[in-house]
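Below: one structure, written as structure tokens.
To find a chain, count down the sequence lines: A is the first, B the second, and so on, and within it residues start at 1. Please read these numbers as outputs of a predicted model, since none were measured by experiment.
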2 protein chains.
Amino acid sequence: MTEDTVKPARKRQARGEKRMAELLDAAEEVFAAQGYAKASTNAIAAAAGASPGTLYQFFKNKEAIAEALMARYLTRLREAHGEAFDPAVAELPLAAMIDRIIDPVVAFDRANPGFYALLADPHLAADMANAKRPAQQAMFERLDLILKTKAPGLPPEQRALTAEVAVHLFRGLLPMVMAATEAALPAVVSETKRALSAYLATALPPGTP
Amino acid sequence: MTEDTVKPARKRQARGEKRMAELLDAAEEVFAAQGYAKASTNAIAAAAGASPGTLYQFFKNKEAIAEALMARYLTRLREAHGEAFDPAVAELPLAAMIDRIIDPVVAFDRANPGFYALLADPHLAADMANAKRPAQQAMFERLDLILKTKAPGLPPEQRALTAEVAVHLFRGLLPMVMAATEAALPAVVSETKRALSAYLATALPPGTP
DNA sequence: ACTGAATACGAGTGAGCGCTCGCAATCTAA
DNA sequence: TTAGATTGCGAGCGCTCACTCGTATTCAGT
């Protein structure tokens, strides 16, 4: 807020922002392949066809790279699948709602393995909590909102617990989703949906559609 | 074959094995606090009140430390809660069976945070796959066996998928279990059981107790 | 054409890492 | 007592890492 974050009015933006995007593409590759901890900034620069000095012209340190990459993921996630978490899906019956939420999220995660690499690493907590919290927070809040629409009578703290458990449950199955071959994917996704559906059915008051 | 190389028969086992145990205790602390990747072997040695040279007298490299620690965890897990995965629990109705499995596992995981730290790290795959695979494999195989007893008619590959999903499902909720305060724990454990119970109920053939 | 900011480079720096090595101390067995 | 194995030490080796800096190049605005 206090910084000129978005509207720099810098010169030479065309070249510079293109370089930034290339560097983020490279970071995506390297993070997905090696994980955040083992990925070296020199390797990221090299993968982008740039020098270490150039990389540090755009990102003040390694953590900033991950933060910027995560921010880009969140933007893409929102614009590509924003409707997946549209509160309107709460009107659908449970199974249909889960289809509408899970399918695009699975597609996104499999199309962006770097996103999963950043989210899954638990010991990024120290330097990276600020980068990954928004992602989980966003999922949690949207699901909480949907549950609120679907079951208005549910006490808020119970609703929050249900939403959090559902998000963690999905995250727990993500490794299987990511590791599955294209052929095995439908079965895994089907099990994922079944698990979510079964859990939410018992967590919501009986009679909820 | 005049050689039987299996038995160590080392001298000075008393002092040496005590040191090994101290080093593993230290590794447990440091891994839990920093994670495997950021934990330094010098820090582990220092935490044990030993020198790096001493550490490498007992463990040939960093990976071997994690492997030995994981082996110790597995031993403790088996001797403390071996009955949790006793095939006999398959005779129990689903809810009771889940109680018998989940409660001791939750207690063990909360009492041994280093175990969780090693299991949760996804990018230990490269150097550490050999160390953590037995742990997950053990859980998966025992659950698979239980399911076989409980639902003999289930096709093997479907049973394997169900067991794998159940294990991942539990692992996904582990972060909540580990992070929960003592006061919040019962609610989290209850949700965990509900999720497992709901999933298994739909995955097993109807009519299974 | 000139200037200054933005972009680009890449060898280099300091720190930290896993791990080694020479050597000293301690213990067992004879 | 002596020999040999085990345990112990800690400075330091070789290496990789995140990051810097002096310098060179490319543009926008004038």
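Counting to the nearest Å, the P atom of dG8(D) and the CD atom of Glu22(B) are 8 Å from each other. Separating the CG atom of Leu55(A) from the P atom of dC21(D) is a distance of 16 Å, rounded to the nearest angstrom. Atom CD in Glu17(B) sits roughly 16 Å away from atom C1' in dC27(C) (whole-Å rounding). Glu63(A) places its CD atom 17 Å from the C1' atom of dC17(D), with the value rounded to the nearest Å. Rounded to a whole Å, the CZ atom of Phe59(B) is 18 Å from the C1' atom of dT20(C). Rounded to whole Å, atom C1' of dG16(C) lies 15 Å from atom CD1 of Ile44(B). Whole-Å rounding puts the Lys38(B) NZ to dT16(D) P distance at 20 Å. Remark: C1' of dT7(C) and CZ of Arg15(A) are 5 Å apart, rounded to the nearest angstrom.
Distances shorter than 4.0 Å separate none of the side-chain N or O atoms of Tyr56(B) from OP1 or OP2 on dT20(C). In this structure, Thr41(B) does not reach the dC19(C) phosphate: none of its side-chain N or O atoms is under 4.0 Å from OP1 or OP2. Dashed line: the shortest gap from a side-chain N or O of Arg19(B) to OP1 or OP2 of dC9(D) is under 4.0 Å.
Set against dT7(C), dA18(D), dG10(D), the side chain of Lys62(A) has dA18(D) as its closest nucleotide. Among the nucleotides dC9(C), dG10(D), dC19(D), the one closest to the side chain of Pro52(A) is dC19(D). Considering only side-chain atoms of Gln57(A), the nucleotide from dT7(D), dT7(C), dC19(D) that sits closest is dT7(C). When distances run from any side-chain atom of Thr54(B) to the nucleotides dG10(C), dT7(C), dC9(D), the shortest one goes to dC9(D).
Within the 3.5 Å criterion, the main-chain N or O of Ala179(A) finds no donor-acceptor partner in the side chain of Arg110(A). Looking at Arg159(A), its side chain never comes within 3.5 Å of a backbone N or O of Leu147(A) through a donor-acceptor pair.
Residue Ala39(A) is in sugar-phosphate contact alone, with no base atom involved, counting any heavy-atom pair closer than 4.0 Å across all strands shown.
Counting all heavy atoms, side chain and backbone alike, Ala201(A) lies closest to Leu94(A) at N-CD2, 3.9 Å.
With hydrogens and angles ignored, a donor-acceptor pair under 3.5 angstrom links the side chain of Asn42(A) to the base of dC19(D).
In this structure, Lys193(B) fails the cation-pi test against Phe170(B), since its NZ or CZ atom is not both closer than 6.0 Å to the six-membered ring centre and inside 45 degrees of the ring normal.
If you take CD1 on Ile44(A) and CD on Gln34(A), they are separated by 9.5 Å, rounding to the nearest 0.5 Å.
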